[in-house]
Amino acid sequence: MKAIIIDDELRARRVLKTLLTEHCPQINIVGEAENVPDAVQLIHKTNPDIVFSDIEMPEYSGFELLKFITNIDFALIFVTAYQEYAIRAFEVSAVDYLLKPIQVELLKKAVEKVESRLQLTGNVENNQKMETLRENLKGEYITRFALPMADGLMFVEADDIMYLIAEGSYTEIIFSDKKRVLITKKIKYFEENLINPCFFRSHRSYIVNLNKISQYIRTGNYIIMDDGFKASLARDRKEQFLKIYQG
């Protein structure tokens, strides 16, 4: 598989190149770039299967690579030292990323994932994933993300979710159209990744969409959702909940 490396730091490019050479023999590094404009030209010239890109770079960030290439027919793997909001966006958008310093096993897994996809479909086109990431990066909050399913991914709008219910190691997601989906992730995962002010963890067992609440019952301390479901409001969450509506 052909790959290119984008990073403004020469040392970082050398480290990644060494790791790929030593641990991922299926990778053929066909070029390097220290900025996004040079990377775009290199991508058009070499037609790589994988692009490893840093995020923080002068002039243009790694995110902005998406602005210059319409048809993403390669796997984009971000390599970054910053585990911040954007990393959560990658996770829910099903985009691969590696944190510096790079762990060899995680690097091998990322490459093997791309290799499997290439063998299965004959290409690594992932325009839907890239479009999801583009949408998420437009604003401060995530508005669209991918739910991990047994047979792939379900791309959904955040506003279509009414509430989430903890089911042990699983989470049941209830949508506005009353569709219900069981995900093999704990509710804590969604609390950390639903970076959107419309979602509120009302109780250890519930996350609710504040735009889908029809009533708050003070006696009993619970919330009634638009579909009539009653979600408990924990005592230590009550003050924060009321502040949202009281400004």
Side-chain angles (χ1 to χ4, degrees), residues 63 66 82-97 126-247:
F63 297 148
L66 302 175
Y82 301 96
Q83 190 171 10
E84 297 174 343
Y85 156 75
I87 297 303
R88 298 192 185 100
F90 302 155
E91 194 164 352
V92 295
S93 301
V95 175
D96 289 323
Y97 68 92
N126 54 358
N127 279 329
Q128 189 176 24
K129 294 179 183 179
M130 291 300 104
E131 191 58 39
T132 294
L133 180 58
R134 283 190 180 104
E135 289 298 316
N136 286 340
L137 293 174
K138 282 181 181 179
E140 183 180 356
Y141 304 110
I142 293 173
T143 60
R144 189 169 183 258
F145 61 99
L147 298 176
M149 308 295 289
D151 58 350
L153 300 165
M154 176 188 291
F155 290 83
V156 301
E157 298 294 332
D159 196 52
D160 288 340
I161 295 174
M162 188 177 300
Y163 52 91
L164 301 88
I165 304 175
E167 298 286 355
S169 296
Y170 298 81
T171 300
E172 186 173 26
I173 301 179
I174 292 80
F175 294 86
S176 298
D177 62 2
K178 298 184 180 180
K179 179 171 63 179
R180 307 173 80 97
V181 175
L182 193 65
I183 305 295
T184 55
K185 294 281 187 181
K186 292 184 177 182
I187 199 167
K188 180 70 173 178
Y189 168 85
F190 292 98
E191 181 182 20
E192 293 174 348
N193 288 289
L194 286 174
I195 313 302
N196 190 304
C198 72
F199 291 105
F200 180 77
R201 182 78 181 266
S202 68
H203 185 271
R204 66 177 181 273
S205 297
Y206 307 112
I207 293 176
V208 300
N209 186 333
L210 296 170
N211 297 324
K212 310 294 183 180
I213 293 175
S214 64
Q215 195 174 359
Y216 162 61
I217 305 299
R218 193 177 301 274
T219 305
N221 206 43
Y222 60 89
I223 297 163
I224 300 179
M225 305 305 295
D226 284 349
D227 66 349
F229 179 79
K230 296 178 181 179
S232 299
L233 179 62
R235 291 182 180 179
D236 60 350
R237 306 291 290 165
K238 180 179 178 180
E239 182 178 354
Q240 184 181 353
F241 175 75
L242 294 176
K243 277 184 178 179
I244 293 172
Y245 293 99
Q246 294 170 354

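The structure presented is a predicted model; accordingly, all values stated were derived computationally and were not measured. Atoms considered below: every heavy atom in the structure, side chains included; atoms not considered: hydrogens, waters and symmetry mates. Throughout, numbering of the chain's residues begins at 1 and tracks the sequence.
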K.L.:
So how far is it from T184 OG1 to E167 CD, rounded to the nearest 0.5 Å?
P.N.:
13.5 Å
K.L.:
Determine whether K185 and I173 make a side-chain contact, defined as any pair of heavy atoms from C-beta on separated by less than 4.5 Å.
P.N.:
no
K.L.:
When rounded to the nearest 0.5 angstrom, what is the spacing between NZ in K178 and CG in D226?
P.N.:
10.5 Å
K.L.:
Would you indicate whether the side-chain heavy atoms of Y189 and T171 approach each other to under 4.5 Å?
P.N.:
no
K.L.:
Once you round to the nearest 0.5 Å, how far does CG of D159 lie from CG of N196?
P.N.:
8.0 Å
K.L.:
With side chains defined as the heavy atoms from C-beta onward, is the minimum distance between I187 and R201 less than 4.5 Å?
P.N.:
yes
K.L.:
Verify the ring-centre separation between F200 and F241: is it less than 6.0 angstrom?
P.N.:
yes
K.L.:
Please name all residues satisfying ring pair (Phe, Tyr, Trp, His ring centres under 6.0 Å) with F175, sequence neighbours left out, ordered by chain then number.
P.N.:
none
K.L.:
Going by heavy atoms in the side chains, are Y216 and R218 under 4.5 Å from each other?
P.N.:
yes
K.L.:
Quickly, which of Y206, F229, F199 forms a ring-ring contact (aromatic ring centres under 6.0 Å, His included) with Y163? Name it, please.
P.N.:
F229
K.L.:
Indicate the atoms forming the closest heavy-atom contact of A231 with S202, along with that distance.
P.N.:
CB-OG, 4.4 Å
K.L.:
Could you measure the distance from the CD1 atom of I213 to the CD1 atom of I224? Nearest 0.5 Å is fine.
P.N.:
10.5 Å
K.L.:
CZ/R237 to CD1/I223 distance, rounded to the nearest 0.5 angstrom?
P.N.:
10.0 Å
K.L.:
How close do A158 and N209 get, heavy atom to heavy atom, and via which atoms?
P.N.:
O-ND2, 4.0 Å
K.L.:
Is it the case that the side chain of S176 and the backbone of D160 share a donor-acceptor pair, with hydrogens and angles ignored and the cut-off at 3.5 Å?
P.N.:
yes
K.L.:
Distance-only, no hydrogens or angles: does the R235 side chain make a donor-acceptor pair with backbone N or O of K238 under 3.5 Å?
P.N.:
no
K.L.:
Provide the closest heavy-atom pair for M162 versus M225 in the form atom of the first, atom of the second, distance.
P.N.:
O-CE, 3.5 Å
K.L.:
Mind checking whether L182 and R180 have side chains closer than 4.5 Å, heavy atoms only?
P.N.:
no
K.L.:
Would the number of heavy atoms belonging to other residues, nucleotides or ligands and lying under 6.0 Å from NZ of K230 be above 12?
P.N.:
no
K.L.:
Let me confirm one number: the CD1-CG distance from I244 to L210, rounded to the nearest 0.5 Å.
P.N.:
5.0 Å
